[in-house]
S.K.: 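Before I ask anything, let me first share the structure, which is written out below as structure tokens.
Atoms within a ligand are numbered from 1 in the order they appear, just like the ligands themselves. Computed from a predicted model, the values in this text were never measured in an experiment.
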Amino acid sequence: MLLSRFPRVSLAHLPTPLEPLPRLSEHLGGPTIWVKRDDCTGLATGGNKTRKLEYVMADALEHGADTVITVGAVQSNHVRQTAAACCKLGLRCEVLLEHRVADPSASYTASGNVLLDRLFGANLREYPGGTDFDKAMADVADEVRDAGGEPYIVPGGASNRIGALGYVNCALETMAQANERGLVIDHWVSATGSAGTHAGLIVGLKAMHAGIPLLGIGVNAPREEQESKVFDLAVETADYLGAPGVVERGDVVANCDYVGPGYGVPTDGMNEAVLKLARLEGLLFDPVYSGKALAGLIDLIRKGAFADASNVLFLHTGGSAALFAYADQLELDI
Ligand SMILES: *Cc1c(COP(=O)(O)O)cnc(C)c1O
């Protein structure tokens, strides 16, 4: 696996730290929990999209693009990181925001990631939930071309075979860190949404024969749908990388029991997890992705799911900018 074959621009602060969470581990009385700090990738408050954008934006530049078009929910961390990357690379950014959450509050529509998108000068266009975004983005691309520009479409979450290379790279980086400090990781847990993170990690882990089971905790789709989406992208990514066949369907495991009423809708478990990590470890997690994934991790540890494990690694995918958008939905007095 030689990732340096693929064009890449430098956007992230790497390697991100790998740290233990001793107070949370003690509190739960289970395995030692470690966190891979991809909330510290650096670009515009960080997060997991920055690793993917290192490869995707390089491809945009190779295609001679001057305008990047992308899509996300109103409080999309992906859109915020893409808008910042465009500024750094001198590209225009056209954003299609999907209203996925019903009855949004004033802070949901104006603060958090939206505030930062506007700060970065992205052109925001708003669409109702369920819009056909392949078509909508193609329409915006036509508009850009008609005005003499050169558009490049980045899919939601930068989750295609190019973006997933960023998480193959994360798997390599993390194994090097674990090897250096003699750390045996028994399980790896991550949020899984648009699938690029989960797919890239599983390709990297399998190609290295790391022998570490990876569990994705879903934030949106039901289990079967999520696993299929991740598997399809993992197969494409492995082929692209020149490592066909490294991932089998059984390697892709998701638990989608912690979504609650829907994408971006707070749950009690998420609320508890966000407060616990803040108060035990001084860490910020977000209400939509990492907070729900942590709620899953905490619940699974309480149920003894990792009873045989000494070390469980949790990927911190970032997202704390969204906390401000949820200011009036978090219960802090518990
Ligand atoms: C996008 C995102 C995820 C999910 O990653 P995917 O690659 O889309 O599956 C998890 N956490 C945060 C904070 C995110 O912004």
S.K.: Show the atoms of ligand 1 that are less than 4.0 angstrom away from any heavy atom in Asn77.
M.R.: 13 (C), 14 (C), 15 (O)
S.K.: Tell me, yes or no, whether the heavy-atom count around Glu150 atom CD, taken from other residues, nucleotides or ligands under 6.0 Å, exceeds 12.
M.R.: yes
S.K.: Between Glu224 and Arg249, is the closest basic N to carboxylate O distance under 4.0 Å?
M.R.: yes
S.K.: Please determine whether a side-chain nitrogen of the Lys or Arg among Arg145 and Asp142 lies less than 4.0 Å from a carboxylate oxygen of the Asp or Glu.
M.R.: yes
S.K.: Indicate whether the side chain of Tyr152 and that of Asp59 have a donor and an acceptor atom separated by less than 3.5 Å.
M.R.: yes
S.K.: Quick one: nearest non-hydrogen protein atom to atom 9 (O) of ligand 1, plus distance?
M.R.: Gly193 N, 2.6 Å
S.K.: Who's the nearest protein heavy-atom neighbour of atom 8 (O) of ligand 1, and how far?
M.R.: Ser194 OG, 2.5 Å
S.K.: With side chain to side chain donor-acceptor pair (under 3.5 Å) as the test, pick out the partner of Asp38 among Thr50, Thr197, Thr317, Thr16.
M.R.: Thr16
S.K.: State whether the shortest distance between N or O atoms of Thr192 and N or O atoms of ligand 1 falls below 3.5 angstrom.
M.R.: no
S.K.: Which ligand 1 atoms, with their elements, are less than 4.0 angstrom from a heavy-atom of Lys52?
M.R.: 6 (P), 7 (O), 8 (O)
S.K.: Give the residue and atom name of whichever protein heavy atom lies nearest to atom 13 (C) of ligand 1, and the separation in Å to one decimal.
M.R.: Gly318 O, 3.1 Å
S.K.: Looking at ligand 1, would Gly47 count as a contact under a 4.0 Å heavy-atom criterion?
M.R.: no
S.K.: What atoms of ligand 1 come closer than 4.0 angstrom to any heavy atom of Asp286?
M.R.: 13 (C)
S.K.: Any N or O of Ala191 that comes nearer than 3.5 Å to an N or O of ligand 1?
M.R.: no
S.K.: Count the heavy atoms belonging to other residues, nucleotides or ligands that lie under 6.0 Å from CZ of Arg5, then report whether that count exceeds 12.
M.R.: no
S.K.: To the nearest 0.1 Å, how far is atom 11 (N) of ligand 1 from its closest protein heavy atom, and which atom is that?
M.R.: Thr317 OG1, 2.6 Å
S.K.: Give a yes/no verdict on whether any heavy atom in Gly157 is under 4.0 Å from an atom of ligand 1.
M.R.: no
S.K.: When you check the side-chain N and O atoms of Glu126 and His99, is any donor under 3.5 Å from an acceptor?
M.R.: yes
S.K.: Which word best sums up how the rings of Phe314 and Phe285 line up, parallel for under 30°, tilted for 30 to 60°, or perpendicular for over 60°?
M.R.: tilted
S.K.: Are Arg8 and Glu54 within salt-bridge range, i.e. N to O under 4.0 Å?
M.R.: yes
S.K.: Show which atoms of ligand 1 fall inside a sub-4.0 Å distance from at least one heavy-atom site of Gly319.
M.R.: 13 (C)
S.K.: Within the 4.5 Å heavy-atom criterion, are Thr192 and Lys229 side-chain neighbours or not?
M.R.: no
S.K.: Heavy-atom count check: over 12 atoms from other residues, nucleotides or ligands less than 6.0 Å from Asp268 CG?
M.R.: no
S.K.: Please work out whether any backbone atom (N, CA, C, O) or any side-chain heavy atom from C-beta onward of Ala195 is under 4.0 Å from ligand 1, and answer side chain, backbone, both or neither.
M.R.: backbone
S.K.: Can you find an N/O atom of His198 closer than 3.5 Å to an N/O atom of ligand 1?
M.R.: no
S.K.: Is there a polar contact between ligand 1 and Ser290, counting only N or O atoms under 3.5 Å apart?
M.R.: no
S.K.: Among all protein non-hydrogen atoms, which one is nearest to atom 14 (C) of ligand 1, and what is the separation to 0.1 Å?
M.R.: Lys49 NZ, 2.9 Å
S.K.: Can you tell me which residue and heavy atom of the protein come closest to atom 5 (O) of ligand 1, and the distance to 0.1 Å?
M.R.: Asn48 ND2, 3.0 Å
